[in-house]
Amino acid sequence: MKNEATNLKEQFTNEGFIVLKNSINKNLIAQSKEITLKALNNIVGSSFDNIEESITTACKKFHQADVQSFLHQELQSQGIKSKILLTDQVLCFTKEVLGPDLSYNRGGAVCVNSRPTSDNLFMKEHHQEIWSGAGVNELRAWVPLYMPGSGGGLKIIPGSHTWGCIPNRERAPVDLPGNAETDELEPQVTEGDIVLFHSMTLHSTAINLSGQTRIAFTVGIRNFYHTFTGYEYFQSWQPYHFSPMAKIQKRLGNPLLTPYRTLGVPLSHRSEDDGFENLPFNLE
């Protein structure tokens, strides 16, 4: 009988995406919500006790795109991205697909899906991430942060990652393979789940008819040793997991591999009596 890890790898290979259920600790989701609510209350000058009211007020007062970008920066500055990507189940699968030397894209924005709209900025038609410059060896993570009950928010066409680069114009596909299976799937996810998909998998925003806001964030993941195949070199990538070989290279400190940093001097400038507490996330 095949184990779960093998099944996940086969599903990703064949369908271009997987859903890892209950893979993110509820305390981490609660921390993300707390950061989000505090940030929203700060910019609207209020003291709402729930995200629904605070995000609705913020998006009426400011441009929604700016609110999304602001929330993304607040969550990133608190190390939420690396904490989520380093959770056991997520890291295990990511290492299987990309290897152990991993980095995440520091750019992006939180996705706020509150109501149907024709604005492609918030309600995206089917697209491949490679259209926007992602590499072909890149994973994308879609993480629900605030999703009352069980819902969706993301639609995927399984198997579309094998169709190559789909002809497109004005942020939408203009031609699909004539014999391709184009049925959409909206994974039913809730807080604590994560969707991982290939950069060439066609996906879109699902219309939200629930009457409640959905908030998620997306992040690109790549092996920092892999050659750039898109325009990744224009982006900022933060390493968050290192193989033993990468740790050795980092310790050596330079491509000449001299013992400048490794013999006779400490690897850290810290002293034991600094008197500072550790930050609540890993700075590597």
Side-chain angles (χ1 to χ4, degrees), residues 5-20 23 81 84-85 90-109 111 113 120-144 152-187 189 193-206 216-237:
T6 300
N7 290 336
L8 287 173
K9 286 189 291 184
E10 288 189 357
Q11 180 188 346
F12 182 81
T13 300
N14 296 329
E15 299 185 7
F17 82 100
I18 61 163
V19 180
L20 298 179
S23 58
K81 278 186 179 179
I84 288 175
L85 296 178
V90 178
L91 179 60
C92 181
F93 180 80
T94 309
K95 288 195 298 182
E96 286 282 349
V97 175
L98 294 175
D101 298 304
L102 299 167
S103 57
Y104 65 78
N105 183 2
R106 293 180 58 84
C111 304
N113 186 352
N120 185 261
L121 182 61
F122 308 119
M123 188 69 63
K124 298 185 183 300
E125 297 187 43
H126 276 110
H127 62 285
Q128 297 174 305
E129 291 298 326
I130 57 167
W131 296 355
S132 298
V136 295
N137 292 320
E138 190 176 320
L139 272 178
R140 286 279 160 162
W142 188 84
V143 186
L154 177 74
K155 293 191 294 185
I156 286 174
I157 298 182
S160 55
H161 64 304
T162 64
W163 299 349
C165 184
I166 303 299
N168 57 88
R169 185 176 294 110
E170 297 179 357
R171 302 179 183 270
V174 295
D175 187 28
L176 296 178
N179 59 346
E181 180 59 62
T182 58
D183 288 345
E184 299 175 324
L185 174 67
E186 184 176 348
V189 295
D193 300 342
I194 183 171
V195 182
L196 295 169
F197 57 94
H198 193 276
S199 60
M200 296 182 73
T201 301
L202 276 167
H203 58 286
S204 64
T205 306
F217 82 79
T218 63
V219 56
I221 310 166
R222 69 183 307 273
N223 186 310
F224 53 75
Y225 282 127
H226 287 175
T227 302
F228 289 140
T229 57
Y231 83 163
E232 302 102 308
Y233 41 80
F234 286 133
Q235 303 178 55
S236 172
W237 294 87

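All values reported here derive from a predicted model rather than from experimental measurement.
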Note to self: Within the structure provided, determine whether Ile84 and Val219 are in side-chain contact (heavy-atom separation under 4.5 Å).
What the structure shows: no
Notebook entry, point to check: What pairs of residues pass the salt bridge (Lys or Arg N to Asp or Glu O under 4.0 Å) test when at least one of them lies in residues 153-166, not counting sequence neighbours?
Noted result: Lys155-Glu184
Next item on the list: Determine which pairs satisfy salt bridge (Lys or Arg N to Asp or Glu O under 4.0 Å) with at least one residue from residues 121-131, sequence neighbours left out, and list them in order.
Entry: Glu129-Arg140
Next item on the list: Identify the heavy atoms of Leu98 and Leu139 that sit nearest to each other, and give their distance.
Entry: CD1-CD1, 3.9 Å
Note to self: My understanding is that only residues two or more places apart in sequence, or in another chain, count here; which of them pass ring-ring contact (aromatic ring centres under 6.0 Å, His included) with His126?
What the structure shows: none
Check: Considering all heavy atoms of both residues, which atom of Ser23 and which atom of Val90 are nearest to each other, and what is their separation?
Finding: OG-CG2, 3.9 Å
Check: Between Leu154 and Val189, is any pair of side-chain heavy atoms under 4.5 Å apart?
Finding: no
Margin query: Measuring from atom NE2 of His203 to atom CG of Leu185, what distance do you get when rounded to the nearest 0.5 angstrom?
Written below: 14.0 Å
Notebook entry, point to check: Taking the six-membered ring for Trp, are His127 and Trp131 parallel (under 30°), tilted (30 to 60°) or perpendicular (over 60°)?
Noted result: tilted
Notebook entry, point to check: How many angstroms lie between CG in Asn168 and CG in Leu176, if you round to the nearest 0.5 Å?
Noted result: 10.5 Å
Notebook entry, point to check: So which heavy atom on Thr201 is nearest to which on Gly16, and how close?
Noted result: OG1-O, 2.9 Å
Checklist line | Heavy-atom side-chain proximity of Met200 to Val136 below 4.5 angstrom | finding: yes
Checklist line | CG on Asn14 to NE2 on His161, rounded to 0.5 Å | finding: 7.0 Å
Item checked: ring pair (Phe, Tyr, Trp, His ring centres under 6.0 Å) partner of Phe228, the single match among Phe234, Tyr233, Trp237 -> Tyr233
Checklist line | CA sep, side-chain torsions, deciding dist, call: Ile221, Leu196, side-chain contact (heavy atoms from CB on, under 4.5 Å) | finding: CA-CA 10 Å; Ile221 310 166; Leu196 295 169; 4.3 Å; yes
Checklist line | Donor-acceptor under 3.5 Å (Glu232 side chain, Ala134 main chain) | finding: no
Next item on the list: Return the set of residues passing ring-ring contact (aromatic ring centres under 6.0 Å, His included) with Phe217 (not counting sequence neighbours), or none when no residue passes.
Entry: none
Next item on the list: Return the orientation label for the Phe93 and Phe12 ring planes: parallel under 30°, perpendicular over 60°, tilted otherwise.
Entry: perpendicular
Item checked: Close side-chain approach of Thr218 and Phe197, heavy atoms under 4.5 Å -> no
Checklist line | Audit row: Asn137, Arg222, side-chain contact (heavy atoms from CB on, under 4.5 Å) steps and yes/no | finding: CA-CA 7 Å; Asn137 292 320; Arg222 69 183 307 273; over 6 Å; no
Note to self: Any heavy-atom pair between the side chains of Gln11 and Phe17 that's under 4.5 Å?
What the structure shows: yes
Check: If you look at every heavy atom in Ala216 and Pro144, which pair is closest and at what distance?
Finding: CB-CA, 3.9 Å
Next item on the list: Have a look at Asn223 and tell me which of Thr94, Val97, Asp101 forms a side-chain contact (heavy atoms from CB on, under 4.5 Å) with it.
Entry: Asp101
Next item on the list: Starting from the C-alpha separation in whole Å, work towards a yes-or-no answer on side-chain contact (heavy atoms from CB on, under 4.5 Å) for Trp142 and Ile194.
Entry: CA-CA 6 Å; Trp142 188 84; Ile194 183 171; over 6 Å; no
Next item on the list: Could you pull out the closest heavy-atom pair between Leu202 and Ile166, with the gap in Å?
Entry: CD1-CG1, 4.2 Å
Margin query: Would you compute the distance between atom CD of Gln235 and atom CD of Glu138 and round it to the nearest 0.5 angstrom?
Written below: 6.5 Å
Check: For residues 157-167, which residue pairs qualify under salt bridge (Lys or Arg N to Asp or Glu O under 4.0 Å), counting only residues two or more places apart or in two chains?
Finding: none
Notebook entry, point to check: Mind checking whether Thr229 and Ile130 have side chains closer than 4.5 Å, heavy atoms only?
Noted result: no
Notebook entry, point to check: Among all residues two or more places apart in sequence or in another chain, which pass the ring-ring contact (aromatic ring centres under 6.0 Å, His included) test with Tyr225?
Noted result: none
Checklist line | Distance, nearest 0.5 Å, that separates OG1 of Thr205 from CD of Glu186 | finding: 10.5 Å
Next item on the list: Could you tell me which non-hydrogen atom of Asn105 sits nearest to which non-hydrogen atom of Lys81, and how far apart they are?
Entry: O-NZ, 2.7 Å
